[in-house]
Amino acid sequence: MDQVKAHCGLLFGLDASWHVTDVALELKQKRITDSLEFVGSGAVCPECAAKCGLKDHASERQWRHLDTMRFESILTVAMPRSDCDTCDVKTVSVVGR
Ligand SMILES: [Zn+2]
């Protein structure tokens with residue numbers, strides 16, 4: 001299973017700030033659900049792009065990703081929230097990940 005998680009991390013282009021915590025394959029439903037966890041110590045403010053501290057994590061959400069070999073691909077993530085001195089607390093953007 002660790003190899004599958006590592007493989008998924010490479011496919012998503014994740015850096016060391018992210019861990020793939022679970023990969024659930026549902027053959028009958030033709031669905032793969034990848035669960036990701038942010039383990040980095042800091043964040044980048046989505047409004048002013050300043051490097052800042054990590055406040056906490058937003059509630060867990062799911063996104064549909066591009067299909068993988070005709071399997072519906074779902075991402076489950078609790079996105080980190082930045083703690084910016086200028087912009088206050090903001091949920092880090094998922095775009096560009
Ligand atoms: Zn900011």
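Below, each value reflects all heavy atoms present in this structure, side chains not excepted, and no hydrogens, waters or symmetry copies.
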Might you confirm whether atom [atom1] of [X] has over 12 heavy atoms from other residues, nucleotides or ligands at distances under 6.0 Å?
X	atom1	result
Q29	CD	yes
D85	CG	no
K5	NZ	yes

Can you name the nearest heavy-atom pair linking [X] to [Y], along with the distance?
X	Y	value
S73	T68	OG-OG1, 2.9 Å
K90	P46	CB-CG, 3.5 Å
V39	W18	CG2-N, 4.1 Å

Quiz prompt | Any donor-acceptor N or O pair under 3.5 Å, side chains S35, T21 | solution = no
Quiz prompt | Worked check of side-chain contact (heavy atoms from CB on, under 4.5 Å) between L14 and L36 | solution = CA-CA 10 Å; L14 301 177; L36 308 180; 3.9 Å; yes
Quiz item: Mind checking whether L25 and F71 have side chains closer than 4.5 Å, heavy atoms only?
Solution: yes
Nearest 0.5 Å, please: how far is [atom2] in [Y] from [atom1] in [X]?
X	Y	atom1	atom2	result
R31	E26	CZ	CD	4.5 Å
S17	E37	OG	CD	11.5 Å
M79	W63	CE	CH2	5.5 Å
L54	D83	CG	CG	8.5 Å
T33	Q62	OG1	CD	6.0 Å
R64	I74	CZ	CD1	6.0 Å

Quiz item: Between K30 and E72, does at least one N-O distance fall below 4.0 Å, as a salt bridge requires?
Solution: no
Quiz prompt | Same cluster (ILVMFWY, side-chain, under 4.5 Å), V92 and V44 | solution = no
Quiz item: Is there a chain of hydrophobic side chains (I, L, V, M, F, W, Y, each step under 4.5 Å between heavy atoms) that links V89 to V77?
Solution: no
Practice problem: Begin with the C-alpha distance, continue with both residues' side-chain angles, and end with the deciding distance and a verdict on side-chain contact (heavy atoms from CB on, under 4.5 Å) for T76 and E60. | Solution: CA-CA 7 Å; T76 300; E60 189 173 272; 3.2 Å; yes
Quiz prompt | Identified side-chain contact (heavy atoms from CB on, under 4.5 Å) counterpart of S82 within the set C52, C87, C48 | solution = C52
